[in-house]
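I have placed the structure first, in the form of structure tokens, so that the comments after it can refer back to it.
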2 protein chains.
Amino acid sequence: MAQAAARDSGPEVFEVFTPRQNAVLESALHLLVEGGDRALTTAGIARAANCSKESLYKWFGDRDGVLAAVVGYQASKVRVLGPGEMPGSLSSFREHLTRFADDLLAVLSGEASLALNRLAIGQASRADAKLGHLVLERGRRMIELRAGALLETGRRRGFLAYDDADEAYRALYGLIIGDFHVRQLLGDQLTSQEKDFKARARVAIGQFFKLYGTGAAAHATNARS
Amino acid sequence: MAQAAARDSGPEVFEVFTPRQNAVLESALHLLVEGGDRALTTAGIARAANCSKESLYKWFGDRDGVLAAVVGYQASKVRVLGPGEMPGSLSSFREHLTRFADDLLAVLSGEASLALNRLAIGQASRADAKLGHLVLERGRRMIELRAGALLETGRRRGFLAYDDADEAYRALYGLIIGDFHVRQLLGDQLTSQEKDFKARARVAIGQFFKLYGTGAAAHATNARS
DNA sequence: GCCGAACCGTACCGTACGGTACTATGTAAA
DNA sequence: TTTACATAGTACCGTACGGTACGGTTCGGC
């Protein structure tokens, strides 16, 4: 299983591409965002990037290789969320969590993210879902790691209380995203109210604290009732 | 906005098909589940269903018409969840909610649901996302209606307290599903633990009551601490 | 028995796409 | 200048698919 080779084997050296190749991938990504997977033909990519099909096949192997490279390229661009000096105060911690929620909503709502997720999901039925696993590894896993670190910090600081970290993460993610992601993947248009990510983030984090916050947290944020 | 045309316009008479046509759609659905959208070719459908391509075009117009008909066919099969005599006691209400959560997890994890969602999402980038809106209308909307009725009952009975029904629904859905749906759409395999829908449903409903339950609910179900 | 409608199976057509081969151009080293 | 290499551009091939046309068969109505 080539796609699972580097799963837990260290720093995971991902192949990096030359500037020229990155420019081609950028063109391909743009093409994908504009016209969907139907627009992402080898001839189309070559035309849009002013390169030859032969070069595409030389660099990326075949069409699937190009798609995988586009996924990797976009993932490397997002470089998810800030470095994260760990917060010391409760209000700062809460602010960090809210920022995380806001960023998450913004990233998942981005056109490139939606286009790539659509592409990967569309291919997930066949061929062992290579792209799907790639997106999961490069996208969701990064998010989970960052969220996990945040939560663990909160727990050690005494702001949060939970036994099952996975359960807490699931609740956090679910409260933030809900059916947001799938709706957008299906082409649903957001109402102007739904586009207020910051407000939604605040609500979600408030709910999360109600579930997993310690007494101090509930007191400081909700005035109890 | 064509996609919002029939939103609140009444009973919405959906075209129904002959038994023979339904059998063809069943074959097509089976084909889709097995091989993904690549397997869903007009020739393939005709072969699998022992019908002629000419009949397909006569009945459904074109390939997109067949896809739309398959979506409608599956949606009409699911006939989401029971009729729902409204519960009177708190424990009964909680049980209803848990059952709803369990059913929702099972339905969304079903192979047919996943295959159709993948198909619709894969096409959502192009062509105004006709299929995507169809899935949203026939799937998500039904779920939202049923959940909304449940929640409203709970509120009227005094088991729940909320101001914003949409917010409560979002929390409920998010706590139940989380990133479950998208992960499966991307081809992720569930762990055996994650396949225990009933357990997950109980946890999610417990969390939901912690957010929106009235005092009585918290007392009766959580022994308070 | 005859007729017409519906329909299956197959053959067919045009097109679009993945992938390969070949030529032309530019460029850096010798 | 010459040689080797990388790459753009294009032409080409095989295949697969959407869509159409047509002959043959079944079946209900008369």
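Reminder, nothing fancy here: chain letters follow the sequence lines and each chain counts from 1.
For the contact set between residues 42-58 of chain B and DNA chain C, defined by any heavy atom under 4.0 Å, the members are B:N50, B:C51, B:S52, B:E54, B:S55, B:K58.
Of the side-chain N and O atoms in B:W59, one or more sit less than 4.0 angstrom from OP1 or OP2 of C:dC7. The phosphate of D:dA8 has OP1 or OP2 within less than 4.0 Å of a side-chain N or O from A:R20.
Distance CZ (A:R38) to P (C:dC17): 8 Å, rounded to an integer number of Å. B:Q123 has its CD atom 11 Å from the P atom of D:dG18, to the nearest Å. With rounding to whole Å, A:F60 atom CZ is found 16 Å from C:dT20 atom P.
Ring to ring, A:Y173 and A:F208 are not that close: their centroids are 6.0 angstrom or more apart. The aromatic ring centroids of A:Y169 and A:Y162 lie 6.0 Å or more from each other.
Where A:Q21 and B:D62 meet DNA chain D, the nucleotide closest to each residue was compared, and A:Q21 sits on the side nearer the 5' end.
Atoms CG and OG1, on A:L31 and A:T41 in that order, are 7.0 Å from each other to the nearest 0.5 Å.
Salt-bridge check for A:E194 with A:R183: passed, with a basic side-chain N closer than 4.0 Å to an acidic carboxylate O. At a threshold of 4.0 Å, the pair B:D179-A:R140 counts as salt-bridged, since one of the basic side-chain nitrogens sits closer than that to a carboxylate oxygen. Under 4.0 Å is where a charged nitrogen must lie from a carboxylate oxygen, and between B:R170 and B:E167 no such pair does.
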